K.L.:
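Dropping the structure in here first, questions after.
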Protein chains: 2
Amino acid sequence: MMKDDEAAITAGLAPARPAGLDRRRRRREETINEILGTAVQVMTEEGVAGLSLSEVARRMGIQPPSLYKYFPSKVALYDALFLRGAQETLDAFSAAAAEAEPGWNALVAGTEAVIRLGLDHQVVAELLNWRPVPGFEPSPQAFAPSVEFVHKIAQQLEIAAARGELDPAAASEEGLALLSVLIAGVFSQQLANEPHATFQQGRYTRLTSRVLELFRSAYPLKEGEQ
Amino acid sequence: MMKDDEAAITAGLAPARPAGLDRRRRRREETINEILGTAVQVMTEEGVAGLSLSEVARRMGIQPPSLYKYFPSKVALYDALFLRGAQETLDAFSAAAAEAEPGWNALVAGTEAVIRLGLDHQVVAELLNWRPVPGFEPSPQAFAPSVEFVHKIAQQLEIAAARGELDPAAASEEGLALLSVLIAGVFSQQLANEPHATFQQGRYTRLTSRVLELFRSAYPLKEGEQ
DNA sequence: GTCTATAGCCTGATAGAC
DNA sequence: GTCTATCAGGCTATAGAC
């Protein structure tokens with residue numbers, strides 16, 4: 001059984017000054033990335049919970065014990081996948097939001113970018129948003145980007161309220177919960193019922209902007225607000 | 001369990017043949033129900049995909065091969081769980097809707113009942129709404145109640161439109177998709193983030209009526225409609 | 001319909017040689 | 001860091017006695 005070790009992040013950063021060590025570290029990171037990529041492939045075929053270290057090793061042409069030089073346990077591998085996925089999600093939101101006008105427009109752009117990313121990396125999205133692996137919970141470090149992500153959404157809600165694009169009540173716990181319900185609804189319906197559709201054509205994802213407008217209409221500006 | 005006591009009691013009273021066959025069939029159904037119930041327990045602890053026939057047998061105090069007298073394979077067991085869950089969901093919706101005024105009120109009552117049922121039977125709800133078991137797809141028979149369920153919702157949308165509670169545009173493919181997005185959003189967020197909360201207290205489920213009102217406002221009556 | 005026994009796989013993880 | 005060898009267990013499913 002899984003010993004339920006510390007789900008430590010194992011992308012160990014050695015102090016490494018000399019040049020030879022640098023190259024070795026780079027090779028190590030490449031191998032780690034190959035393991036993560038192969039793991040995603042396996043999960044895509046066998047389900048998130050169906051990940052098998054033996055199968056990963058088999059596909060990489062190495063022996064299972066070698067994997068333990070990079071990840072001390074299966075849980076640690078899940079943790080690394082979670083961390084990478086959460087960071088990518090945060091980056092996608094930030095990048096899309098940064099290119100739009102701050103406030104409501106940034107929120108819409110960021111949301112769409114995150115849904116698109118999730119469609120492209122479905123198993124990772126499952127790992128991030130649901131709880132498909134009993135016994136696995138992300139470590140605080142792996143979860144940190146997700147926290148930051150929520151924080152950024154709240155920020156944009158506040159900006160939108162300050163700009164008079166939404167009623168200030170939208171920038172609240174309730175507003176955040178409502179927004180997350182709408183986005184999760186679009187995403188989970190699409191994934192469960194039509195996982196291979198594109199964002200544009202998906203029966204549910206194509207409702208994204210309609211749903212976001214619905215959110216906006218839930219917090220209409222009151223008389224006298226800008 | 002108590003099955004043995006019951007068998008002992010009825011053994012002396014049972015008339016010759018016809019009733020004997022009857023009793024045997026009833027016992028068989030009881031065993032099947034016990035298997036299904038135990039399977040739900042195991043899935044609750046180990047995840048939907050973590051269901052193990054050996055573990056079911058262990059908890060029932062029988063040997064694994066005995067299970068094969070009732071279900072020819074593990075997939076067949078999943079299928080039976082799916083069928084039972086889908087039927088219960090349909091029944092819950094129908095019962096709640098029947099007690100309310102047909103149309104919008106019935107839709108609201110039915111929706112709430114289904115979400116409550118899902119909260120009480122979370123693993124079954126996962127099996128019904130997501131795809132947690134790679135390689136398992138419900139058979140047409142097991143899926144039939146789900147089809148009927150969607151049909152009933154569409155019916156109530158039409159009734160609501162006919163009664164002038166919604167714009168007729170709500171009774172469309174798009175309206176159905178939008179409604180399913182909203183309900184799935186509430187449910188999946190609650191399950192993923194606060195699975196142990198009650199319907200009343202859940203950070204997301206308590207938004208249910210707010211979200212349904214939002215749906216209604218997405219299809220406002222036009223001038224001149226009743 | 002229950003059981004024992006077992007086939008024929010799979011898994012995660014460790015020890016230790018090279 | 002790679003390997004072989006192996007532990008110690010898990011699993012689904014089948015065969016056949018009772």
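Computed from heavy atoms alone, side chains included, the values below leave out hydrogens, waters and symmetry copies. From a predicted model like this one, the values you see are computed outputs, not experimental measurements.
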K.L.:
Measure the acute angle between the ring planes of B:Phe149 and B:Phe93, then classify it against the limits of 30° and 60° as parallel, tilted or perpendicular.
P.N.:
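The arrangement is perpendicular - the two ring planes meet at more than 60°.
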K.L.:
Using side-chain hydrogen bond (donor to acceptor under 3.5 Å, both in side chains), reason through B:Asn33 and B:Glu29 one step at a time and then give a plain yes or no.
P.N.:
CA-CA 6 Å; B:Asn33 274 329; B:Glu29 268 166 28; over 6 Å; no
K.L.:
Taking only the side-chain heavy atoms of A:Arg28 (C-beta and beyond), determine which of C:dG12, C:dG1, D:dG1 contains the nearest atom.
P.N.:
D:dG1
K.L.:
Establish, with yes or no, whether the OP1 or OP2 oxygen of D:dT12 is under 4.0 angstrom from a side-chain nitrogen or oxygen of B:Lys74.
P.N.:
yes
K.L.:
Give, for atom CD of B:Glu34 and atom CE of B:Met60, the distance between the pair rounded to the nearest 0.5 Å.
P.N.:
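So the CD of B:Glu34 and the CE of B:Met60 are separated by 3.5 Å.
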K.L.:
Assign B:Tyr70 to base, sugar-phosphate, or nothing according to its heavy-atom contacts below 4.0 angstrom with the strands shown.
P.N.:
sugar-phosphate
K.L.:
Could you tell me how far apart A:Tyr68 (OH) and D:dC3 (P) are, to the nearest whole angstrom?
P.N.:
15 Å
K.L.:
State plainly whether the residues A:Arg59 and A:Glu45 are in salt-bridge range, i.e. N to O under 4.0 Å.
P.N.:
yes
K.L.:
Considering just the side-chain nitrogens and oxygens of A:Arg27, establish if one lies under 4.0 Å of OP1 or OP2 belonging to D:dG1.
P.N.:
no
K.L.:
Between D:dA13, D:dC3, C:dG12, which nucleotide has the shortest distance from any of its atoms to the side chain of A:Pro65?
P.N.:
D:dC3
K.L.:
For A:Glu29 and D:dG1, what is the distance between atoms CD and P respectively, to the nearest whole Å?
P.N.:
11 Å
K.L.:
What is the distance, rounded to the nearest whole Å, between atom CE of B:Met60 and atom C1' of C:dG1?
P.N.:
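Distance, rounded to whole Å: 13 Å.
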K.L.:
Which sits closer to the 5' end of DNA chain C, A:Ser52 or A:Lys69, going by the nucleotide each is nearest to?
P.N.:
A:Ser52
K.L.:
Within this structure, what is the CG-to-P distance between A:Leu67 and C:dT11, rounded to whole angstrom?
P.N.:
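That distance rounds to 12 Å.
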K.L.:
Do NZ/NE/NH1/NH2 and the carboxylate oxygens of A:Glu55 and A:Arg58 come within less than 4.0 Å?
P.N.:
yes
K.L.:
Compare the minimum distances between each of C:dG1, C:dC3, D:dT12 and the side chain of B:Gln63, then state the nucleotide with the smallest one.
P.N.:
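Shortest atom-to-atom distance from the side chain points to C:dC3.
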K.L.:
Is the phosphate of D:dG1 approached by A:Ser66 (side-chain N or O, under 4.0 Å from OP1 or OP2)?
P.N.:
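Answer is no, no contact under 4.0 Å.
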K.L.:
Without decimals, in angstroms, what is the distance between A:Arg58 CZ and C:dC10 P?
P.N.:
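In whole Å, C:dC10 P and A:Arg58 CZ are 7 Å from each other.
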K.L.:
Separation of A:Leu51 atom CG from C:dA13 atom P, in whole Å?
P.N.:
11 Å
K.L.:
When you get a sec, tell me which of D:dT12, C:dT11, C:dA13 is the closest nucleotide to the side chain of A:Ser54?
P.N.:
C:dT11
K.L.:
Measure from CD1 on B:Ile35 to P on D:dT12 and round the result to the nearest Å.
P.N.:
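Those two atoms, CD1 and P, are 13 Å apart.
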K.L.:
Nearest whole Å is fine: how far is D:dG9 C1' from A:Leu53 CG?
P.N.:
16 Å
